[in-house]
Amino acid sequence: MSSLGFEHVHRPGADAAAPTLLLLHGTGGTEHDLISIAEAIAPDARILSPRGKVLEGSMSRFFRRLSEGVFDLDDLRFRTRELADFVLAAAAHYRFDAANVTAVGFSNGANIAASLLLLEPGVLAGGILFRAMVPLVPDPLPSLAGTRILMSNGRVDAMIPAVQAEQLAAMFTQCGADLTIEWQPGGHKLTNQDVALAREWLRQA
Ligand code: MLT
């Protein structure tokens, strides 16, 4: 579907009160990538899954980068606002509770989820961030009191140095978020352990 400004998939949840999972794919992915993972994490949830609008060659992303790990911060701010507007417009259009949206992001998708949490606090009730790094450092830092965040990173991730994940975790904690960070033995690729961890974390909400 291409309405509301983003190509996206929307699938209603088991009932009107079901939480919404905002799925945010990695570089080169599509709006379909994380659907089976979302179904494994929370089978009853509503799914809202946009495709990133920035093209790097033929690869879709959620914001522009200058090189690997070096982000175009003006574009990141613009794209973060644009994604926030999409979530709010989708809530009105599909009639779901805008206060009950949890992001599930992988890599570039986890980075824009982190940016959404930091720049547009209140849009997300929480976030599951697989392989995230620091997208930007807002000044001042927002209050994220009451916001649940799960970070899952790989100990031997060649793309995301552990120190980057630790800095992001420290920033979320400084903002007052209810943060859990877990380390996987592997690298950048998602594993069944990530999925099991996310399912358990969401169940405890
Ligand atoms: C990014 O550009 O967001 C990160 O480097 C991760 C990725 O390559 O997607």
Side-chain angles (χ1 to χ4, degrees), residues 6-9 21-38 41 48-84 86-87 102-120 123-124 126-138 142 149-172 175 177 179 181-191 193-195 197-198:
F6 279 81
E7 287 286 339
H8 67 277
V9 169
L21 296 184
L22 173 69
L23 310 185
L24 301 166
H25 63 78
T27 300
T30 75
E31 63 275 33
H32 303 289
D33 282 14
L34 295 178
I35 289 184
S36 57
I37 286 178
I41 293 176
L48 181 66
S49 185
R51 187 193 308 167
K53 293 209 279 192
V54 171
L55 283 179
E56 187 179 277
S58 59
M59 295 189 300
S60 297
R61 288 175 51 84
F62 284 97
F63 57 89
R64 229 168 71 80
R65 64 180 165 184
L66 306 175
S67 59
E68 198 168 291
V70 182
F71 303 144
D72 176 336
L73 295 184
D74 288 339
D75 188 62
L76 175 56
R77 286 191 194 91
F78 175 79
R79 299 291 171 189
T80 301
R81 179 69 245 163
E82 188 181 48
L83 187 59
F86 166 73
V87 174
T102 294
V104 179
F106 168 63
S107 191
N108 181 244
N111 292 341
I112 196 141
S115 182
L116 207 48
L117 287 159
L118 292 166
L119 293 180
E120 303 287 345
V123 170
L124 296 176
I128 298 173
L129 276 46
F130 295 121
R131 315 299 186 262
M133 61 198 288
V134 176
L136 80 182
V137 181
I149 301 172
L150 171 66
M151 289 179 61
S152 180
N153 280 69
R155 282 216 183 275
V156 291
D157 188 335
M159 200 176 285
I160 317 271
V163 66
Q164 274 280 334
E166 275 157 9
Q167 280 169 6
L168 180 60
M171 191 163 33
F172 282 145
C175 295
L179 176 87
I181 181 163
E182 296 282 346
W183 291 94
Q184 306 305 327
H188 201 63
K189 206 168 174 296
L190 279 182
T191 67
Q193 271 160 286
D194 288 294
V195 175
L197 171 69

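Residue numbers start at 1 and run along the sequence shown. Whatever order the structure lists ligands and atoms in, that order sets their numbers, starting from 1.
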Sub-4.0 Å atoms of ligand 1 with respect to non-hydrogen atoms of Thr27: 7 (C), 8 (O), 9 (O)

Contact with ligand 1 for Phe71, non-hydrogen, under 4.0 angstrom: yes

Min heavy-atom dist Arg131 to ligand 1 below 4.0 Å: no

Per-residue contact class, Asn111 against ligand 1 - non-hydrogen pairs under 4.0 Å: side chain

Minimal non-hydrogen separation, Ile160 against Ala132, with atom names: CG2-O, 3.4 Å

Any donor-acceptor N/O pair, Arg131 side chain to Ser152 backbone, under 3.5 Å: yes

From Leu73 atom CG to Arg65 atom CZ, the distance as rounded to the nearest 0.5 Å: 14.0 Å

Residues Arg64 and Asp72 bridged, charged N to O under 4.0 Å: yes

From Leu24 atom CG to Asn108 atom CG, the distance as rounded to the nearest 0.5 Å: 9.0 Å

Identity and separation of the nearest protein heavy atom to atom 8 (O) of ligand 1: Arg65 NH1, 2.9 Å

Enumerated ligand 1 atoms positioned under 4.0 Å from heavy atoms of Ser107: 6 (C), 7 (C), 9 (O)

